[in-house]
Amino acid sequence: MGRARRSTLEDLAASPWPVGIVVGLAGYAGIRHGIPALFARQDGPFAQALAAQADALAPLAWAVLALCTVASLVSFVRGRKRRRLLDTRTGLDSLATIGWRNFECLVGEAFRRRGYRVEETGLGGADGGIDLILRKDGQRTLVQCKQWRRQQVPVNVVREMYGLLTHHGAHAVRIVTVGGFTRDAARFAAGKPIELIDGATLLAMIREIQEEARIPESRPMPTPAPRIAPAFGAPAPTLAATPGCPRCGSAMVERSNRRANTTFWGCSAFPKCRGTR
């Protein structure tokens, strides 16, 4: 099934919200000033007349800017909703009760925070198909979302997605579900560019993303106070050395937990190492 063609405004609404603002400003400048300037350089009465009537293009220029601004606002609201949708998940039950459309948005946001460009195709629906297209490092991955909690994803679903992989010339396929997969489905996917993501794996990925969002920013170490020589015969004061990471041995940096208003030592190799003191 071919993809339904989307309008330019729909594409802008699906893009990061600053894109709509930039396109709107560029469209306004092009219509309001660019077109009259272009025709002003042309010879002939029609071109000169059009250049002289530059103010007549102002309503069109403002309309383009307004429509692009609306698309940008829609993109901003959608993005905020997706972020909140992911940040408020607490368990498998919370994944199973949000509706299949929100489940697709949740999965897309999880991959988006993993550095993927995510396209919500609208081809899947509640019954299956390609729900998301992921792009990263020149690779294109097709994703199908199955919000099934009590039913395992059977092998025929995996076969269908493998056929779509070949048909669309993609590099890999991922099937995401709240529940699990049958043994036949797992056997069929083995050795193929097919990743089966069950509910436990998805929940672990979401919790890791939530944890990374809560990690406080590193702050520079305070400048140490000048060292004062002790009086004759008094023991020399000891300066606290920067501790080493208990997990990898790297130097640690002081971090702060804004919520608890406390400080702690964190590994300087974060996020590869999450050692703390």
Side-chain angles (χ1 to χ4, degrees), residues 1 3-4 6 10 13-17 71 73-136 141-162 164-165 172-186 188-189 194-215 259-260:
M1 179 175 64
R3 177 186 173 185
R6 298 195 303 186
E10 289 174 331
S15 303
W17 69 265
L73 179 61
V74 171
S75 173
F76 176 81
V77 172
R78 286 178 178 175
R80 185 174 181 179
K81 177 183 175 182
R82 287 192 297 261
R83 291 190 295 272
R84 178 172 176 78
L85 191 63
L86 187 145
D87 292 338
T88 55
R89 296 310 97 192
T90 57
L92 291 177
D93 289 337
S94 66
L95 297 178
T97 58
I98 57 176
W100 66 268
R101 175 59 72 185
N102 283 336
F103 182 68
E104 291 177 8
C105 293
L106 171 69
V107 174
E109 179 65 14
F111 284 115
R112 188 176 286 107
R113 296 205 199 178
R114 282 286 174 261
Y116 289 89
R117 288 174 49 209
V118 180
E119 177 185 352
E120 298 174 1
T121 66
L123 296 181
D127 298 327
I130 302 173
D131 298 312
L132 307 170
I133 298 178
L134 311 180
R135 291 181 172 87
K136 185 178 181 181
T141 302
L142 309 181
V143 179
Q144 181 179 126
C145 303
K146 291 288 189 185
Q147 197 190 20
W148 295 352
R149 177 69 184 274
R150 296 178 177 84
Q151 179 182 355
Q152 291 186 323
V153 178
V155 66
N156 65 292
V157 172
V158 183
R159 286 199 184 101
E160 290 172 1
M161 284 300 293
Y162 187 60
L164 291 174
L165 168 75
V173 160
R174 287 174 178 167
I175 304 175
V176 186
T177 184
V178 179
F181 299 85
T182 64
R183 292 183 179 179
D184 289 340
F188 181 84
I194 303 174
E195 183 179 0
L196 305 182
I197 302 177
D198 60 13
T201 304
L202 176 61
L203 184 60
M205 181 169 65
I206 291 173
R207 285 177 173 170
E208 183 178 358
I209 294 171
Q210 292 172 342
E211 182 65 23
E212 290 177 356
R214 285 192 292 263
I215 293 295
R259 295 186 178 181

Is the backbone of Thr90 close enough, under 3.5 Å, to the side chain of Arg207 for a donor and an acceptor to pair up by distance?
yes
Could you check Thr201, Leu196, Leu202 and say which one makes a side chain to side chain contact (heavy atoms under 4.5 Å, CB included) with Asp198?
Thr201
Compare all side-chain heavy atoms of Leu86 with those of Ile209 and state whether any distance is below 4.5 angstrom.
yes
Closest heavy-atom contact between Leu95 and Val178?
O-CG2, 4.1 Å
Please determine whether side chain to side chain contact (heavy atoms under 4.5 Å, CB included) holds for the pair Arg112 and Arg82, giving the CA-CA distance in whole Å, both sets of side-chain angles, and the decisive distance to 0.1 Å.
CA-CA 10 Å; Arg112 188 176 286 107; Arg82 287 192 297 261; 3.2 Å; yes
Run the salt bridge (charged side-chain N to carboxylate O under 4.0 Å, His left out) test on Lys146 and Glu104 for me, step by step, so that the C-alpha distance in whole Å, both residues' side-chain angles and the decisive distance to 0.1 Å come before the verdict.
CA-CA 9 Å; Lys146 291 288 189 185; Glu104 291 177 8; over 6 Å; no
Any salt bridge between Arg113 and Glu109, counting N to O under 4.0 Å?
yes
For Val173 and Thr141, what are the C-alpha separation, side-chain angles and deciding distance, and is it a side chain to side chain contact (heavy atoms under 4.5 Å, CB included)?
CA-CA 5 Å; Val173 160; Thr141 302; 5.7 Å; no
Is Arg135 positioned over the aromatic face of Tyr116, cation under 6.0 angstrom from the ring centre and no more than 45 degrees off axis?
no
Looking only at heavy atoms, the pair that brings Arg114 and Lys136 closest together is O-NZ, 2.9 Å
For a 4.5 angstrom cut-off between non-hydrogen side-chain atoms, does Met161 reach Leu164?
yes
Nearest heavy-atom pair of Leu92 and Ala200: which atoms, and what distance?
CD2-N, 4.2 Å
Is there a side chain to side chain contact (heavy atoms under 4.5 Å, CB included) between Val107 and Leu132 once you walk through the steps?
CA-CA 9 Å; Val107 174; Leu132 307 170; 3.9 Å; yes
Please tell me if the side chains of Val153 and Thr182 come closer than 4.5 Å, counting only heavy atoms from C-beta onward.
no
Taking Trp100's backbone N and O only, do any of them form a donor-acceptor pair with Gln147's side chain (distance below 3.5 Å, no angle check)?
yes
Minimum-distance pair of heavy atoms, taken over all atoms of Thr177 and Phe103
C-CZ, 4.4 Å
May I have the step-by-step check of side chain to side chain contact (heavy atoms under 4.5 Å, CB included) for Val155 and Phe181, ending in yes or no?
CA-CA 8 Å; Val155 66; Phe181 299 85; over 6 Å; no
Within a 6.0 Å radius of atom CZ on Arg80, are there more than 12 heavy atoms belonging to other residues, nucleotides or ligands?
no
Looking only at heavy atoms, the pair that brings Arg89 and Gln210 closest together is O-NE2, 3.0 Å
Taking Gly180's backbone N and O only, do any of them form a donor-acceptor pair with Gln152's side chain (distance below 3.5 Å, no angle check)?
no
Atom pair CZ/SG of Arg101 and Cys145 - distance to nearest 0.5 Å
10.0 Å
Measuring from atom OG1 of Thr97 to atom CG of Asn102, what distance do you get when rounded to the nearest 0.5 angstrom?
10.0 Å
To the nearest 0.5 angstrom, please state how far the OG atom of Ser94 sits from the CG atom of Leu85.
9.0 Å
More than 12 heavy atoms of other residues, nucleotides or ligands under 6.0 Å from NZ of Lys81: is that the case?
no
Starting at OH of Tyr162, measure out to CG of Leu142 and round the result to the nearest 0.5 Å.
12.5 Å
